[in-house]
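None of the values given here were measured: they were computed from a predicted structure. Just so we're on the same page: letters track the sequence lines, and every chain starts at 1. Atoms considered below: every heavy atom in the structure, side chains included; atoms not considered: hydrogens, waters and symmetry mates.
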Number of protein chains: 2
Amino acid sequence: MSPSDASPYPPFGVTVDLVVLTVRDHTLNALTIRRGEPPFQGQWALPGGFVRPDEGLEAAAARELAEETGLDQLEVHLEQLATFGDPGRDPRMRVVSVAYLVLAPDLPTPRPGGDAAGARWTPAADLADGSRLAFDHTKILEDGVERARAKIEYSSLAAAFCPEEFTVGELRRVYEAVWGVALDPRNFHRKVTGTPDFLVPTGGTTTRQGGRPAQLFRRGSAEKLNPPMLRPEA
Amino acid sequence: MSPSDASPYPPFGVTVDLVVLTVRDHTLNALTIRRGEPPFQGQWALPGGFVRPDEGLEAAAARELAEETGLDQLEVHLEQLATFGDPGRDPRMRVVSVAYLVLAPDLPTPRPGGDAAGARWTPAADLADGSRLAFDHTKILEDGVERARAKIEYSSLAAAFCPEEFTVGELRRVYEAVWGVALDPRNFHRKVTGTPDFLVPTGGTTTRQGGRPAQLFRRGSAEKLNPPMLRPEA
DNA sequence: CAAATAGTGTCTATGAGACATTATCTG
DNA sequence: CAGATAATGTCTCATAGACACTATTTG
């Protein structure tokens with residue numbers, strides 16, 4: 001429920017944090033910004049910031065995304081990930097952070113904005129170990145990566161990592177990068193082209209990957225993959 | 001990220017709301033409480049309440065569960081569902097609510113506690129249409145039900161709706177109630193008994209469902225169902 | 001006995017994994 | 001030409017769906 005009368009407790013701060021993922025150089029990368037202010041000044045962290053008083057949570061996430069990275073919500077996939085609110089996760093006050101997951105096609109390194117002193121893409125694997133991020137952001141990032149890995153199994157979301165027009169091979173390389181495995185190109189092709197409304201041919205072709213020209217596709221209307229794309233165990 | 005200096009904004013209230021589901025009479029039921037105080041006094045709502053200043057979010061959910069329903073966290077499955085924070089969702093102040101999903105075996109109607117003037121189990125289908133719950137709780141409930149439906153496909157979570165010892169038929173009736181479909185008892189039996197570490201025979205049998213005595217099982221160590229239990233389309 | 005539920009087995013169709021072969025580009 | 005990538009096809013094995021049959025209880 002919600003309170004039966006106004007809160008008898010001290011106030012909470014509410015923020016949004018963003019796990020922004022893309023695929024570059026056959027690798028899953030996450031966006032981090034360099035903190036310009038204490039605490040954790042100079043350390044790398046996830047982009048994010050305070051929710052404004054009359055602003056919805058998703059609207060705050062979209063605004064921070066635009067402010068800190070220049071990305072537009074229309075170009076990317078944005079969904080709520082989870083909420084982190086352990087007492088002590090912020091050294092200054094009690095802060096509850098609603099984390100959002102963003103999947104974006106490969107884009108130029110975003111221009112940092114707001115409080116950020118820098119912004120960069122880093123392989124997600126490098127951020128999971130070592131290189132501690134500020135606050136509990138390493139944990140938030142890991143949850144975001146796991147969500148992305150799980151979700152491309154049974155949804156058509158992998159295409160959110162691709163440009164508007166893409167080939168079957170490019171889509172396959174997304175799966176390979178996110179899962180960190182190699183997939184059989186022939187079985188993959190059969191699977192994705194055989195799933196109704198997953199891919200819509202645009203008629204064009206491209207040779208940007210070298211080799212024989214490949215058909216170009218756009219995302220179709222299907223949102224779920226049934227049966228799912230199976231993730232190899234080894 | 002989190003704030004680069006203390007929040008320049010008015011305070012937020014932070015609450016937890018609970019979607020507590022069980023299976024009774026072959027039907028998915030949700031727990032609601034009757035509000036004893038304004039706003040929405042006298043209306044039905046999800047159990048929940050304010051998070052305390054030094055309390056973690058999951059701890060707050062477990063505490064409210066115990067206070068308002070008498071259920072112990074150890075007897076049930078509890079996981080974070082999603083966070084709801086639209087401005088205006090609470091008429092008094094800005095409140096962000098972190099919703100938790102609880103799956104429980106069929107238990108006696110819980111004793112209401114705290115601010116609640118009453119507590120009851122209601123078929124989830126009846127709560128989804130009509131019978132508006134207070135705040136945005138109808139939406140939260142629907143999200144919880146959908147999470148439960150999706151999650152029993154690929155996890156062993158359906159057993160959280162069963163008592164400690166249960167039969168294959170009882171587990172099947174859980175799936176049938178949550179999904180609202182009929183499943184073939186023979187194929188279901190083959191599927192669940194063939195999944196390694198899903199069910200552990202206790203050696204006992206029961207005839208509480210009538211008919212031939214059925215073997216009793218306990219939950220095994222498997223948490224994922226791979227390949228998943230397929231949900232019929234019709 | 002009938003009726004209910006449990007448990008096993010069999011056939012078939014679908015789909016994934018392994019892998020051969022051909023097609024069409026660049027250098 | 002070699003080497004890359006794309007696209008199609010074939011075989012086999014695992015598994016889900018449909019459904020027959022037997023087992024063991026209660027009334």
- Are any of A/Arg172's side-chain N or O atoms less than 4.0 Å away from OP1 or OP2 of D/dA7? no

- Item | Side chain A/Ser156, main chain A/Ala222, donor-acceptor under 3.5 Å | yes

- Message: Mind checking if A/Pro185 touches a base, just sugar-phosphate, or nothing, with heavy atoms under 4.0 Å?
- Response: nothing

- Task: Return the value, rounded to whole Å, for the distance between atom CE of A/Met229 and atom C1' of C/dG17.
- Result: 14 Å

- Message: I'd like to know if B/Asp143 and B/Lys139 make a salt bridge, using a cut-off of under 4.0 Å between side-chain N and carboxylate O.
- Response: yes

- Taking C-beta and beyond as the side chain, do B/Lys191 and B/Pro227 meet within less than 4.5 Å on heavy atoms? yes

- Any B/Thr206 side-chain heavy atom under 4.5 Å of B/Thr167 side chain: yes

- Message: Please determine whether a side-chain nitrogen of the Lys or Arg among A/Arg219 and A/Glu164 lies less than 4.0 Å from a carboxylate oxygen of the Asp or Glu.
- Response: no

- Message: Looking only at the aromatic ring of each residue, does the gap between the centers of B/Phe217 and B/Phe166 stay below 6.0 angstrom?
- Response: no

- Message: Quick check for you: to the nearest 0.5 Å, what is the distance between B/Tyr100 atom OH and B/Glu79 atom CD?
- Response: 10.5 Å

- Item | Length of the CG-P vector between B/Leu230 and C/dT14, whole Å | 15 Å

- Round to a whole Å and report the spacing from CZ of B/Phe188 to P of D/dT15. 17 Å

- Note on the structure: One should read off an interatomic distance between B/Leu28 CG and B/Thr122 OG1, to the nearest 0.5 angstrom, of 11.5 Å

- Task: Could you tell me whether A/Glu223 atom CD has more than 12 heavy atoms of other residues or ligands within 6.0 Å of it?
- Result: no

- Note on the structure: Bend of the helix from C/dC1-D/dG27 to C/dG27-D/dC1 from end-axis comparison, five pairs per end, nearest 10°, comes to 10°

- Query: Between B/Gln215 (CD) and D/dT24 (P), how many Å, whole number?
  - Reply: 13 Å

- Item | Nucleotide D/dA6, atom P - distance to CG of A/Leu216 in whole Å | 11 Å

- Message: Between B/Thr207 (side chain only) and B/Pro213 (backbone N and O only), is there a donor and an acceptor less than 3.5 Å apart?
- Response: no

- Task: Check whether any side-chain nitrogen or oxygen of A/Lys191 sits under 4.0 Å from OP1 or OP2 of C/dA16, and answer yes or no.
- Result: yes

- Item | Length of the CG-P vector between A/Leu183 and D/dA6, whole Å | 13 Å

- Please name the residue in the list A/Leu31, A/Val76, A/Leu107 that meets the side-chain contact (heavy atoms from CB on, under 4.5 Å) test with A/Thr69. A/Leu31

- Encode nucleotides 18-27 of chain C as B, S and - characters from 5' to 3', where the letter depends on protein heavy atoms closer than 4.0 Å: B to the base, S only to sugar-phosphate, - to neither. BBB--BBB--

- Task: Could you check how far NE2 of B/His189 sits from C1' of D/dA23, rounded to whole Å?
- Result: 12 Å

- Task: Could you tell me whether B/Asp17 and B/Arg89 make a salt bridge, using a distance below 4.0 angstrom between a side-chain N and a carboxylate O?
- Result: yes

- Have a look at A/Arg208 and say if it touches a base, only the backbone sugar-phosphate, or nothing, with a 4.0 Å heavy-atom cut-off. nothing

- Message: What is the separation between atom CD on A/Gln209 and atom P on D/dG3, rounded to the nearest whole Å?
- Response: 20 Å

- Message: At a heavy-atom distance below 4.0 Å, what parts of residues 155-164 of chain A sit against DNA chain C?
- Response: none

